[in-house]
*Asks:* 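My questions will all concern the structure given below.
All values below were derived from every heavy atom in this structure, side-chain atoms included, with hydrogens, water molecules and symmetry-related copies excluded.
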Amino acid sequence: MTEKLLQYLWNYKVFKHFDFKDIEGNSVEIIHFGKWNKNAGPDFLDAKIKINGLLLAGNIELHIRSSDWIFHNHSQDPNYQNIILHAVFLHNTEIHELTGKNVPTLELKDYIDENIFRKYEKLVEEEEFIACENLFDTEKIPINFHEENILKKLDEKSSEFEHSLIHYKNNFEAVLFHSFAYSFGLKVNAHIFRQIAESVDYSVINKIRQNPIQLEALLFGISGWLGDPQDESMKIWKREFEFIKAKFSISDLTFHPKFLRLRPPNFPTIRLSQLADLYKHQNLFSKIMEAQNADQLYNILSSIKASEYWDSHFNFGSISKVHPKTLSKEFIDLLILNTVLPLKYAYHRYHHEEIAEEIIELYKSISAEKNVIITGWKKLGLDVNNALESQSLIYHHKTNCETKNCLACGIGFKLLKG
């Protein structure tokens with residue numbers, strides 16, 4: 001048994017039955033097993049369980065043995081404060097910290113069929129990129145396949161924006177800020193950056209945005225980085241944060257961005273500073289909505305850079321070789337694809353009949369992404385020439401191929417019919 005295998009079994013719910021009982025004999029109903037987190041932090045996020053009639057929402061941590069909680073030093077890690085269940089293959093010791101917080105421990109060894117170990121290893125060895133890999137034919141791709149995928153994705157994203165707009169009283173600028181924060185966080189810190197952005201009323205952001213030092217101080221302070229200043233710049237940020245916090249009654253709630261498995265240019269320190277610099281732009285929302293081509297969007301975003309302190313730093317107090325931290329073209333492309341174009345579509349979709357065609361053309365004018373999903377499609381013989389095609393294929397892989405939803409797939413239909 002490995003922890004990766006245990007996570008796999010939990011994620012795909014591969015158990016003999018689901019009449020779970022914790023080590024105290026209490027019935028544990030798993031309402032939502034959580035989202036598999038493959039970065040730093042708890043193994044499964046946003047889970048829900050019910051125990052003794054009490055509904056709990058939070059994160060779940062898995063271990064081979066209960067004692068691994070201690071060996072992995074989770075007790076001192078703030079990322080593990082919202083654990084609602086400790087699921088282990090073998091319970092070998094009581095964790096007093098968890099019992100003191102009434103966090104149940106679930107031992108899983110009797111719920112797992114031993115034959116599954118062999119079956120799982122065989123499955124991993126034979127795992128394919130897509131289910132129809134051996135039948136795939138580029139000639140079977142339907143007409144307007146990429147355009148239809150992108151419009152489906154944009155409609156889904158628009159629905160998300162509409163829910164946010166209801167919550168934020170139709171404030172598109174606030175929703176844009178939250179979406180930019182999510183994109184600046186990349187995959188590792190996306191949710192944390194959005195939590196940071198949403199933890200402060202946007203009116204506060206709007207009042208201090210012309211003072212990049214104050215906006216940086218706010219973002220750094222909410223991230224919990226200013227408690228022990230290591231140099232003069234940090235002292236200034238701390239002073240500004242304490243002033244802003246008192247003036248606008250900012251809560252004491254802090255979030256903790258992750259550095260693990262990130263290249264230094266993507267450190268959250270750099271990305272939050274760049275986000276602060278982006279918001280020195282006057283009328284940013286209007287400029288983005290009025291931009292008619294990719295060049296105009298690049299003009300807005302290409303001047304963004306982290307503040308001067310970060311020219312010689314990647315983290316607080318540690319001096320590095322001097323190098324301005326600007327946005328690369330690839331990162332600007334990500335901001336345009338993940339935030340700008342979806343929000344432009346959502347903003348214009350009900351009163352601008354040509355918006356779908358205009359957005360499609362903007363996708364075509366941006367370079368294709370490079371990642372493992374696109375590499376997989378290329379190995380099957382597909383040419384991927386622009387962001388319309390790469391975004392379409394990423395979306396299709398996520399919504400159809402990963403879930404093996406072949407009967408709802410235009411390619412799958414043609415292959416089956418053939």
Side-chain angles (χ1 to χ4, degrees), residues 4-5 7-15 32-38 44 46 115-116 118-161 187 190 333-334 337-338 341-342 345-346 349 355-357 359-418:
K4 181 178 180 181
L5 174 55
Q7 291 172 1
Y8 173 91
L9 297 175
W10 184 268
N11 186 63
Y12 292 102
K13 307 169 185 63
V14 187
F15 299 106
H32 180 46
F33 281 71
K35 181 181 178 182
W36 196 354
N37 173 32
K38 297 183 180 181
F44 288 84
D46 302 324
N115 291 325
I116 203 67
R118 173 179 51 81
K119 293 178 182 178
Y120 170 67
E121 289 189 4
K122 184 177 180 182
L123 177 64
V124 170
E125 290 171 2
E126 297 179 356
E127 186 175 0
E128 296 177 333
F129 172 62
I130 57 176
C132 63
E133 190 167 307
N134 295 324
L135 300 172
F136 187 80
D137 182 355
T138 57
E139 298 298 322
K140 300 297 184 182
I141 297 179
I143 298 173
N144 296 325
F145 173 80
H146 297 306
E147 287 82 356
E148 290 179 6
N149 275 337
I150 290 300
L151 291 176
K152 286 179 187 176
K153 178 179 180 178
L154 289 171
D155 284 334
E156 290 176 8
K157 192 66 177 177
S158 291
S159 296
E160 293 178 18
F161 283 139
K187 188 176 292 185
D333 286 344
L334 286 176
L337 294 174
N338 295 332
L341 297 188
Y345 178 80
R349 66 189 298 210
I355 190 58
E357 294 179 13
I359 295 293
I360 292 294
E361 291 305 312
L362 278 167
Y363 272 102
K364 289 180 180 178
S365 67
I366 297 171
S367 301
E369 295 134 289
K370 297 177 182 178
N371 55 43
V372 293
I373 301 299
I374 298 305
T375 299
W377 286 111
K378 286 183 175 180
K379 286 180 179 178
L380 296 177
L382 275 180
D383 291 327
V384 185
N385 301 301
N386 52 50
L388 173 70
E389 296 175 359
S390 63
Q391 285 271 295
S392 161
L393 292 168
I394 293 169
Y395 173 81
H396 188 78
H397 188 268
K398 178 181 179 181
T399 57
N400 288 277
C401 303
E402 286 184 356
T403 58
K404 291 183 167 57
N405 193 19
C406 304
L407 294 177
C409 168
I411 300 172
F413 174 77
K414 286 201 169 190
L415 290 171
L416 290 171
K417 184 178 179 182

*Asks:* What verdict does the side-chain contact (heavy atoms from CB on, under 4.5 Å) test give for Y395 and N400, after you've listed the backbone C-alpha separation in whole Å, the side-chain angles of each residue and the deciding distance to 0.1 Å?
*Replies:* CA-CA 8 Å; Y395 173 81; N400 288 277; 5.6 Å; no
*Asks:* Does N11 use its side chain to pair, donor to acceptor, with the backbone of Q7 at less than 3.5 Å?
*Replies:*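 No; zero donor-acceptor contacts below 3.5 Å.
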*Asks:* Out of curiosity, I366 CD1 to L362 CG, how far, rounded to the nearest 0.5 Å?
*Replies:*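 Reported value, rounded in 0.5 Å steps: 6.5 Å.
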*Asks:* Looking at every non-hydrogen atom in both residues, tell me the closest pair between P342 and S158 and how far apart they are.
*Replies:*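 Answer, listing the atom of P342 first, then S158: O-OG, 4.5 Å.
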*Asks:* Could you tell me whether K13 sits above the aromatic face of F15, with NZ or CZ closer than 6.0 angstrom to the six-membered ring centre and within 45 degrees of the axis?
*Replies:*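 Verdict for F15: no cation-pi partner in K13.
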*Asks:* Should I150 and Y345 count as side-chain neighbours, where that means a heavy-atom distance under 4.5 Å?
*Replies:*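 In short, these two side chains do not touch, never coming nearer than 4.5 Å.
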*Asks:* Which atom names give the shortest non-hydrogen contact between A368 and N385, and what distance separates them?
*Replies:*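 Of all heavy-atom pairs spanning A368 and N385, the closest is CB-C, 4.2 Å.
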*Asks:* Could you tell me which non-hydrogen atom of N149 sits nearest to which non-hydrogen atom of S392, and how far apart they are?
*Replies:*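 Where N149 meets S392 most closely, the heavy atoms are ND2-OG, 3.0 Å.
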*Asks:* May I ask you to decide whether K153 forms a salt bridge with E156, counting only side-chain N to carboxylate O separations under 4.0 Å?
*Replies:*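 Judged by the 4.0 Å cut-off on N to carboxylate O distance, K153 and E156 do not form a salt bridge.
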*Asks:* Would you say the side chain of I130 lies within less than 4.5 Å of the side chain of I411, judging by non-hydrogen atoms?
*Replies:*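 When only atoms from C-beta onward are counted, I130 and I411 do not touch, as no gap falls below 4.5 Å.
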*Asks:* N386 and E389: side-chain contact (heavy atoms from CB on, under 4.5 Å), yes or no, with the steps?
*Replies:* CA-CA 6 Å; N386 52 50; E389 296 175 359; 3.5 Å; yes
*Asks:* Please report the closest heavy-atom contact between T138 and L382, naming both atoms and the distance.
*Replies:*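 Where T138 meets L382 most closely, the heavy atoms are CG2-CD2, 3.9 Å.
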*Asks:* If you measure from CD1 on I355 to CG on L341, what distance do you get to the nearest 0.5 Å?
*Replies:*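 One gets 9.0 Å once the value is rounded to the nearest 0.5 Å.
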*Asks:* If I take atom NZ from residue K140 and atom CZ from residue F145, how far apart are they, to the nearest 0.5 angstrom?
*Replies:*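 Reported value, rounded in 0.5 Å steps: 14.5 Å.
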*Asks:* Could you pull out all donor-acceptor pairs under 3.5 Å where a side-chain atom in residues 372-380 meets a protein atom, sequence neighbours excluded?
*Replies:*
residue : atom : partner : partner atom : Å
T375    : OG1  : N371    : O            : 3.0
W377    : NE1  : L393    : O            : 3.3

*Asks:* Is there a side-chain contact between K38 and K4 in this structure, where contact means two heavy atoms from C-beta onward sitting under 4.5 Å apart?
*Replies:*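 No, every pair of side-chain atoms sits at 4.5 Å or beyond.
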*Asks:* Side chains of F33 and W10, heavy atoms from C-beta outward: is any pair under 4.5 Å?
*Replies:*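 Yes, close enough: below the 4.5 Å cut-off.
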*Asks:* When rounded to the nearest 0.5 angstrom, what is the spacing between OG in S159 and CG in L154?
*Replies:*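 S159 OG to L154 CG: 11.0 Å, rounded to 0.5 Å.
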*Asks:* Which atom names give the shortest non-hydrogen contact between T403 and K398, and what distance separates them?
*Replies:*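 Looking at all heavy atoms of both residues, the closest pair is CG2-O, 4.2 Å.
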*Asks:* Which atom pair, heavy atoms only, marks the closest approach of H396 to C409?
*Replies:*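 Here H396 and C409 meet closest at NE2-SG, 3.2 Å.
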*Asks:* Just so I know, are the side chains of E369 and L337 near enough to count as touching, which here means a heavy-atom distance under 4.5 Å?
*Replies:*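 Touching, per the 4.5 Å side-chain cut-off.
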